[in-house]
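These notes concern the structure reproduced below.
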Amino acid sequence: MLGRASLLLGDKVMTRINEVRVIIFGVGGVGSWCAESLVRTGIRHLTIVDNDVVCETNRNRQLMATSRTVGQVKVLAMKERLLEINPEAEIEAKAMVYNQETASDFRLEDYDFVIDAIDSLQDKAHLILHATSLKNVTLFSSMGAALRIDPFKVRKAEFWKVQNDALARALRNRFKRDKTFPSRKFQCVYSEEQALCNQGETDEKCPENKARVNGSLSHITATFGFALAGLVIEHIYKELQG
């Protein structure tokens with residue numbers, strides 16, 4: 001199944017892709033597409049983390065969300081799909097939330113790459129601080145994918161250089177307020193498109209630990225997820241090219 005990837009990247013890179021360990025926090029509109037892209041490119045050791053279940057409103061943008069999977073635990077529905085793609089993949093599904101209390105349970109030091117697709121500002125900030133404090137762990141983080149419609153405005157940038165993104169701004173303000181900063185630089189995926197305003201109304205309720213409900217579209221969230229996967233593959237490729 002990996003013949004086309006191997007043709008492009010070569011055996012040495014594919015061997016390394018097969019060896020690395022990746023953990024994705026948040027398997028929603030962004031994280032689900034990232035997970036699938038990684039598995040389709042040869043990542044075998046993947047841990048997916050999300051404590052939510054598939055709901056009706058997820059079907060417009062989350063990869064594993066279908067009429068059949070509504071009500072299922074997200075990470076279990078996602079694991080089933082990933083194993084259909086590559087039955088030899090080692091997929092660990094953790095139906096948990098990442099926060100200050102649970103952080104040590106994930107043993108981030110055992111991973112090569114940490115993908116942050118968390119919505120909660122508090123938990124996202126903690127994950128960034130934790131992951132960047134670990135010497136041999138590479139963090140890639142998703143900023144806000146909601147309220148955008150133009151996929152050609154999706155970009156990558158170092159965290160402190162992200163523009164037009166309310167989530168990045170809130171994180172930077174939080175770090176400055178607490179006088180606690182990421183230990184090193186890390187790359188983010190974001191959109192430079194000015195955020196739009198919701199034009200419709202919703203009665204969808206949002207848990208206290210999540211961001212407020214905003215409209216979002218699959219062609220944007222998927223672009224974010226694919227871009228995060230691309231950062232992982234590019235990092236491995238460039239590392240082995242010298």
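Index from 1, following the sequence. These numbers come from a predicted model, not from an experiment.
Under the 4.5 Å side-chain criterion, counting only non-hydrogen atoms from C-beta, V75 is not in contact with V49. When side chains are defined from C-beta on, C55 does not count as touching V70, because their heavy atoms never get closer than 4.5 Å. When side chains are defined from C-beta on, R174 counts as touching Q122, because their heavy atoms get closer than 4.5 Å. Looking at heavy atoms from C-beta onward, V39 lies in side-chain contact with I91 at the 4.5 angstrom threshold. Residues N173 and R169 are in side-chain contact: their nearest non-hydrogen atoms beyond the backbone lie under 4.5 Å apart. Taking 4.5 Å as the limit, every side-chain heavy atom of F140 sits out of range of all side-chain heavy atoms of V189. By the 4.5 Å heavy-atom criterion applied to side chains, E234 and K156 are counted as neighbours. Side-chain contact between R61 and H219: absent, with no pair of heavy atoms (C-beta onward) separated by less than 4.5 Å.
Here the options are L134, I24, T132, L127, the test is side-chain contact (heavy atoms from CB on, under 4.5 Å), and the partner is V114; only L127 passes.
No continuous path of hydrophobic side-chain contacts links L7 to M1 [ILVMFWY only; heavy atoms under 4.5 Å].
Taking all atoms of both residues into account, the shortest heavy-atom contact from F224 to M143 is CE2-O, 3.7 Å. Listed here is the closest heavy atom pair of R184 and A131: NH2-O, 3.4 Å. For Y237 against L9, the heavy-atom pair with the smallest separation is CD1-CD2, 3.8 Å. Across G28 and D50, no two heavy atoms sit closer than the pair N-OD2, 4.2 Å. In terms of heavy-atom proximity, T221 sits nearest to A145 at CG2-CB, 4.2 Å. Annotation for V13 and L240: closest pair CA-CD1, 3.7 Å, computed over non-hydrogen atoms.
Atom CG of L38 sits about 6.5 Å away from atom CG of L46, to the nearest 0.5 Å. To the nearest 0.5 Å, atoms OG (S191) and NZ (K153) are separated by 7.0 Å. Taking CG from N58 and NZ from K74, the interatomic distance works out to 4.0 Å, rounded to the nearest 0.5 Å. With rounding to the nearest 0.5 Å, the separation of CD in Q62 from OG1 in T69 is 9.0 Å. Here CH2 of W160 is found 7.0 Å from CZ of R172. Values are rounded to the nearest 0.5 Å. For the atom pair Q241 CD and K12 NZ, the distance stands at 6.0 Å (nearest 0.5 Å).
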Handout entry: Step-by-step side chain to side chain contact (heavy atoms under 4.5 Å, CB included) determination, L63 to R81
Key = CA-CA 9 Å; L63 187 65; R81 178 176 173 88; 3.7 Å; yes
Handout entry: Steps toward side-chain hydrogen bond (donor to acceptor under 3.5 Å, both in side chains) verdict (T102, N99)
Key = CA-CA 5 Å; T102 64; N99 56 34; 3.2 Å; yes
Exercise for the section: Give the intermediate values and the outcome of salt bridge (Lys or Arg N to Asp or Glu O under 4.0 Å) for residues E84 and K79. Expected result: CA-CA 9 Å; E84 287 179 353; K79 178 178 180 178; over 6 Å; no
Handout entry: Steps toward side chain to side chain contact (heavy atoms under 4.5 Å, CB included) verdict (I85, R40)
Key = CA-CA 7 Å; I85 296 167; R40 288 187 183 275; 3.7 Å; yes
Practice task
Please lay out, stage by stage, how F106 and M96 fare under the test side chain to side chain contact (heavy atoms under 4.5 Å, CB included).
Solution key: CA-CA 10 Å; F106 295 101; M96 299 172 60; 3.7 Å; yes
Practice task
Check the pair L82, E36 against side chain to side chain contact (heavy atoms under 4.5 Å, CB included), reporting the backbone distance first and the verdict last.
Solution key: CA-CA 6 Å; L82 295 175; E36 173 145 335; 4.2 Å; yes
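Panel note: side chain N86, backbone L83; no donor-acceptor pair is recorded below 3.5 Å. In terms of modelled atom types and a separation under 3.5 Å, the side chain of T47 and the main chain of I23 share no donor-acceptor contact. Between the R44 side chain and the E88 main chain, a donor and an acceptor come within less than 3.5 Å of each other. A side-chain donor-acceptor contact under 3.5 Å links T41 to the backbone of S37. Proximity of a side-chain donor or acceptor of R107 to a complementary backbone N or O of A103 within less than 3.5 Å is not detected. Side-chain atoms of K124 come within 3.5 Å of backbone N or O of S142 as a donor-acceptor pair. The backbone N or O of V20 lies less than 3.5 Å from no partner atom in the side chain of D112, so there is not a single donor-acceptor pair. In this structure a side-chain-to-backbone donor-acceptor pair under 3.5 Å is present from R148 to E193. Counting only distance, with no hydrogens or angles, the side chain of N164 and the backbone of E192 share a donor-acceptor pair below 3.5 Å. When atom types are taken as modelled, the side chain of N214 and the backbone of G144 share no donor-acceptor pair closer than 3.5 angstrom.
Residues E19 and R16 are paired through a salt bridge, judged by an N-O separation under 4.0 Å between the basic side chain and the carboxylate.
Using modelled atom types and a 3.5 Å distance limit, the side chains of E90 and H45 yield a donor-acceptor pair. Of the N and O atoms on the side chains of T15 and N18, not one donor lies less than 3.5 Å from an acceptor on the other residue.
Within 6.0 Å of CG on D105 lie more than 12 heavy atoms contributed by other residues, nucleotides or ligands.
A cation-pi geometry, defined here as NZ or CZ lying under 6.0 Å from the six-membered ring centre and within 45° of its normal, does not hold between R155 and Y190.
Through chains of ILVMFWY side-chain contacts below 4.5 Å, L196 is grouped with I149, L217.
Ring pair F25/Y98 is perpendicular by interplanar angle, where above 60° counts as perpendicular and below 30° as parallel. Ring geometry for F226 against W33 counts as perpendicular: the plane angle is over 60°, on a 0 to 90° scale with 30° as the lower cut.
Contacts of S141 classified as side chain to side chain donor-acceptor pair (under 3.5 Å), with partners at least two apart in sequence or in another chain: D116. With sequence neighbours excluded, the residues forming a ring-ring contact (aromatic ring centres under 6.0 Å, His included) with H235 are F113, listed by chain and number.
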